[in-house]
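Please read all numbers here as calculations on a predicted model, not as lab measurements.
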Protein chains: 2
Amino acid sequence: MNEYPSPDIADVELVDVLRALADPVRLQIVGMLADGKPYPKGDCLMGLDLSKSTASHHFRTLREAGLTRTIVHGRTHDIQLRRDELDEKFPGLLPSVLGSAPPT
Amino acid sequence: MNEYPSPDIADVELVDVLRALADPVRLQIVGMLADGKPYPKGDCLMGLDLSKSTASHHFRTLREAGLTRTIVHGRTHDIQLRRDELDEKFPGLLPSVLGSAPPT
DNA sequence: CGAACGGTTCGATGGTTGTCGAACTGTCTT
DNA sequence: AAGACAGTTCGACAACCATCGAACCGTTCG
């Protein structure tokens, strides 16, 4: 069912995480996922003006970089920041990125 | 005298910092500058196999993103990580990035 | 002075990335 | 069953980026 694979945390490279974060859209998405709870993808796009395909591309980028996981839930998908794993592998990274005040 | 301008810290955006860090070469350079002391540019390239122009490009990218400053010293240039300013503006970011296991 | 040195700049090139619309897949609702 | 719905995939396209060699610039040293 859940055939949207995210990489094993052991294979996640810092430079790939940084590259995934180095985009305004994805940074904002990650900001909305900060608490580590799953959210419907649609909700993450509030305020963002993107086509469906572009949004899908960003979700895929985040997932393949190891930042998020996708949970299929009927016809909607929930997306979740892999906080615990990432905090263990890159201590302090997410807090610093998320703590640096997004301008709304 | 040739000055190489870096942006005012107030104008430095997180996403630009992340983009500058999201490259293996630059990540390694920043790792060598971790202690915030100035180093000759040549010394930062040890172990890296780059043409002079490529190296110059990466130094420029780091400087323009606000990560480093350049100090002209005769015919050599010293490069310095702007640790204090960055630590104040993005608390925890550099420690987490630098602390995450550099190879070699 | 003139050559070597440390770096930058320029132009070109090939690869990557962000964006979109259109077509498609699978799920829910009526 | 027929739509509506949420999302992905597929080209396509333009912008960006890492890389290089060659030419260039200012400094030091013979």
Side-chain angles (χ1 to χ4, degrees), chain A residues 1-6 13-33 38-80, chain B residues 1-6 13-33 38-80:
Chain A
M1 243 356 203
N2 192 350
E3 35 195 316
Y4 289 96
S6 5
E13 304 259 11
L14 174 62
V15 69
D16 295 320
V17 171
L18 293 172
R19 190 158 31 223
L21 291 171
D23 175 276
V25 171
R26 292 192 293 266
L27 204 48
Q28 191 152 339
I29 292 174
V30 170
M32 300 189 194
L33 302 172
Y39 288 96
K41 286 186 174 174
D43 293 11
C44 304
L45 301 171
M46 301 215 309
L48 282 61
D49 189 20
L50 297 174
S51 70
K52 294 199 303 178
S53 45
T54 301
S56 188
H57 159 71
H58 286 302
F59 287 136
R60 172 200 269 265
T61 302
L62 287 171
R63 175 173 45 81
E64 290 183 340
L67 276 162
T68 62
R69 69 171 59 86
T70 298
I71 304 149
V72 178
H73 217 229
R75 68 182 160 181
T76 76
H77 297 183
D78 283 9
I79 186 177
Q80 182 180 27
Chain B
M1 268 311 161
N2 228 337
E3 270 300 317
Y4 290 93
S6 2
E13 304 261 10
L14 175 63
V15 69
D16 296 319
V17 171
L18 292 171
R19 188 154 34 218
L21 291 171
D23 176 276
V25 170
R26 291 193 292 266
L27 204 49
Q28 192 153 337
I29 292 174
V30 169
M32 301 191 193
L33 302 172
Y39 288 95
K41 286 186 176 174
D43 293 12
C44 304
L45 301 171
M46 301 213 310
L48 282 60
D49 190 19
L50 298 173
S51 69
K52 294 200 302 177
S53 46
T54 301
S56 188
H57 158 71
H58 286 302
F59 287 136
R60 177 205 262 280
T61 301
L62 288 170
R63 176 172 44 80
E64 290 183 342
L67 275 162
T68 62
R69 69 170 58 87
T70 298
I71 303 150
V72 177
H73 217 234
R75 68 181 161 183
T76 77
H77 298 183
D78 283 10
I79 186 177
Q80 182 180 26

Inset, instruction - Could you pull out all residues at least two apart from A/Arg60 that satisfy salt bridge (Lys or Arg N to Asp or Glu O under 4.0 Å)? - result: A/Glu64
Inset, instruction - Nearest whole angstrom, please: distance from the P of C/dG7 to the NE2 of B/His58. - result: 16 Å
Inset, instruction - Any chance you could measure A/Arg69, atom CZ, to A/Gln80, atom CD, to the nearest 0.5 Å? - result: 5.0 Å
Legend entry - Protein-nucleotide distance (B/Ile29, atom CD1; D/dA18, atom C1'), rounded to Å: 12 Å
Inset, instruction - Take atom CG of B/Leu50 and atom P of C/dG7, then tell me their distance rounded to the nearest Å. - result: 13 Å
Inset, instruction - Check the distance between C/dT16's C1' and A/Leu18's CG and give it to me in whole angstrom. - result: 17 Å
Inset, instruction - Using whole Å, report how far CG of A/Asp49 lies from C1' of C/dC20. - result: 12 Å
Inset, instruction - Would you confirm whether B/Arg19, through its side chain, and A/Asp23, through its main-chain N or O, come within 3.5 Å as a donor-acceptor pair? - result: no
Inset, instruction - State whether the side chain of A/Ser56 and the backbone N or O of A/Lys52 hold a donor-acceptor pair below 3.5 Å, judged by distance alone. - result: no
Inset, instruction - Any chance you could list the contact pattern along nucleotides 6-17 of chain D? Use B for base contacts, S for sugar-phosphate-only contacts and - for none, protein heavy atoms under 4.0 Å, 5' to 3'. - result: SBBB--------
Legend entry - Distance (rounded to the nearest 0.5 Å) between A/Leu62 CG and A/His57 NE2: 9.5 Å
Legend entry - Ring centroid separation B/Phe59 to B/His77 under 6.0 Å: no
